[in-house]
Number of protein chains: 2
Amino acid sequence: MARSTNYNTRQRDAILEYITSIKDAHVTAAQIVEYFASENKPIGRTTIYRHLDKLVDDGKLRRYVTDGISGACYQHAADLETCHVHMHLKCEDCGELQHLDCEALDDIRDHFLAKHSFTVNAMKTVLYGKCANCSKDSHDAP
Amino acid sequence: MARSTNYNTRQRDAILEYITSIKDAHVTAAQIVEYFASENKPIGRTTIYRHLDKLVDDGKLRRYVTDGISGACYQHAADLETCHVHMHLKCEDCGELQHLDCEALDDIRDHFLAKHSFTVNAMKTVLYGKCANCSKDSHDAP
DNA sequence: TGTAAAATGGAACACAGTTCCAAATTGAAT
DNA sequence: ATTCAATTTGGAACTGTGTTCCATTTTACA
């Protein structure tokens, strides 16, 4: 039968706490595994992934994929509420991932919904291209 | 010493030919492996990846990553010149990848360049979200 | 304290992609 | 035609991310 209270999932809390402590940054599952191992409180990979899935389902974390090479990144949802819903810009040259917090985002989302019936998930979307620095560099190239 | 002519890399030509025959579509490395196996001209995985890398380097193919789950997709570069520059929309639910050919794209690119000094590579960028069908479905869910 | 539900994590797997290396193919010089 | 080194090929094994399966441990509560 269903329990009235939740089980004491201290590991899940610990994971959430760790991610919360990483202000304004992205963490991968592998980094979490490594962190708890280095703290002598190792948590199995399976458990990490399970908790991350649940935390994302519960809306406490956000998951997004930056590319197909490194794995998914996680960020504490509260961090995302204090800042806006935002997209990410990834520079193809230097690899830097920058947050994009811009009111034009709403226009973009409105456009895709109205004209293409497509509901954009901004948090999961990464725009690829060249950052200011790297597009400057390419002008200097021989 | 350096050869004056290239070796006859018939497999590379065959791969390029195959991808060229797939009009306006995306092909993964795995699909290429499968295709040549089914044609009774199997090509090893290693060789496929090697040639794909070279073809991309030579500008004959374009590679882009649609998500972290399925692998990279390849498309013949000429196809991309005949059709418009476009983005892709990927539905998180059904996984469908649709081409987006829309003049608003220019506005979006202009915005990012003007306001964020970021040169968007539309071809490599995939917008995630829900397609018309799947966002309809989620309303029906219990 | 007993018990069922829930949590945990190791082993094995799936998949994309890479590295290593030995064998086969090639172009051209002899 | 024969030889030979550069090049091409592909199998085996590996990396890294993530998942599935399942036996063990922990938990809440009666």
Side-chain angles (χ1 to χ4, degrees), chain A residues 1-18 26-58 60-74 95 124 126, chain B residues 1-18 26-58 61-74 90 92 95 97 124 126:
Chain A
M1 79 185 60
R3 304 273 170 177
S4 52
T5 56
N6 281 336
Y7 277 62
N8 178 12
T9 62
R10 50 215 156 73
Q11 286 188 328
R12 184 151 72 236
D13 293 342
I15 291 170
L16 187 56
E17 202 173 307
Y18 169 58
H26 321 85
V27 178
T28 66
Q31 285 169 343
I32 296 170
V33 172
E34 200 180 342
Y35 168 75
F36 283 98
S38 74
E39 291 282 303
N40 276 86
K41 288 176 252 170
I43 306 181
R45 282 153 40 82
T46 312
T47 306
I48 300 270
Y49 280 110
R50 206 168 7 219
H51 285 324
L52 287 174
D53 285 348
K54 197 166 291 184
L55 288 166
V56 168
D57 278 353
D58 291 353
K60 291 177 180 166
L61 290 183
R62 293 284 166 76
R63 169 198 290 123
Y64 47 93
V65 174
T66 56
D67 55 42
I69 298 151
S70 51
C73 286
Y74 297 86
K124 195 171 176 180
V126 179
Chain B
M1 83 185 57
R3 304 271 170 180
S4 53
T5 56
N6 281 336
Y7 278 61
N8 178 13
T9 62
R10 51 215 155 72
Q11 287 188 327
R12 182 151 73 239
D13 293 341
I15 290 170
L16 187 56
E17 202 173 308
Y18 169 58
H26 321 84
V27 179
T28 65
Q31 285 168 343
I32 296 170
V33 172
E34 200 179 341
Y35 168 76
F36 283 99
S38 75
E39 292 283 302
N40 276 85
K41 289 176 251 171
I43 305 180
R45 281 152 41 84
T46 313
T47 306
I48 300 270
Y49 281 110
R50 209 169 4 222
H51 285 322
L52 286 174
D53 286 347
K54 197 166 290 185
L55 289 165
V56 169
D57 279 354
D58 291 353
L61 289 184
R62 293 282 166 75
R63 169 197 290 123
Y64 48 94
V65 174
T66 57
D67 56 43
I69 297 152
S70 51
C73 285
Y74 298 85
K90 175 138 188 167
E92 298 177 273
L97 183 70
K124 196 170 175 179
V126 178

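What's counted below: heavy atoms across the whole structure, side chains too, no hydrogens, waters or symmetry copies. Numbered from 1 within each chain, the chains take letters A, B, ... in sequence-line order. Here the structure is a predicted model, which means the values were calculated and not measured.
One interatomic measurement links the two molecules: OH of A:Tyr49 to C1' of D:dC21, which rounds to 17 Å at whole-angstrom precision. The distance from atom CZ of B:Phe36 to atom P of D:dT9 is 12 Å, rounded to the nearest whole Å. Computed from coordinates, the B:Asp53 CG to C:dT19 P distance equals 9 Å when rounded to whole Å. Whole-Å rounding puts the B:Asp13 CG to C:dT26 C1' distance at 15 Å. If you take CD of B:Gln31 and P of C:dC15, they are 14 Å apart, rounded to a whole angstrom. Remark: P of C:dT25 and CZ of B:Arg12 are 18 Å apart, rounded to the nearest angstrom. Rounded to a whole Å, the CG atom of A:Leu52 is 10 Å from the P atom of D:dT19.
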Identify each donor-acceptor pair in which a side-chain atom of residues 28-35 of chain A lies under 3.5 Å from a protein atom, sequence neighbours left out, and give them as a table.
{"from": "A:Thr28", "atom 1": "OG1", "to": "A:Gln31", "atom 2": "N", "distance (Å)": "3.2"}
{"from": "A:Gln31", "atom 1": "OE1", "to": "A:Thr28", "atom 2": "N", "distance (Å)": "2.9"}

Residues A:Thr47, A:Arg50; criterion side-chain contact (heavy atoms from CB on, under 4.5 Å); working and verdict
CA-CA 5 Å; A:Thr47 306; A:Arg50 206 168 7 219; 3.5 Å; yes
B:Arg63 and B:Asp53: CA distance, side-chain angles, deciding distance, side-chain contact (heavy atoms from CB on, under 4.5 Å) verdict
CA-CA 9 Å; B:Arg63 169 197 290 123; B:Asp53 286 347; 2.6 Å; yes
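Helical stems in DNA chain C, defined as runs of 3 or more consecutive Watson-Crick or G-U wobble pairs with both donor-acceptor distances under 3.5 Å, are listed by first residue as C:1-30 with D:1-30.
Checked against C:dA16, C:dG17, D:dT17, the side chain of B:Ala30 finds its nearest nucleotide in C:dA16.
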Please encode protein proximity along nucleotides 9-14 of chain C as a string of B, S and -, counting only heavy-atom distances under 4.0 Å.
BBB---
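The distance from the CG atom of A:Leu16 to the NZ atom of A:Lys54 is 13.5 Å, given to the nearest 0.5 Å. Between the CG atom of A:Leu52 and the OH atom of A:Tyr74 there is a distance of 4.5 Å, given to the nearest 0.5 Å. Expressed to the nearest 0.5 Å, how far CZ of B:Arg62 lies from CG of B:Leu55 amounts to 13.0 Å.
Residue A:His51 has no polar side-chain atom (N or O) positioned under 4.0 Å from OP1 or OP2 of C:dA7.
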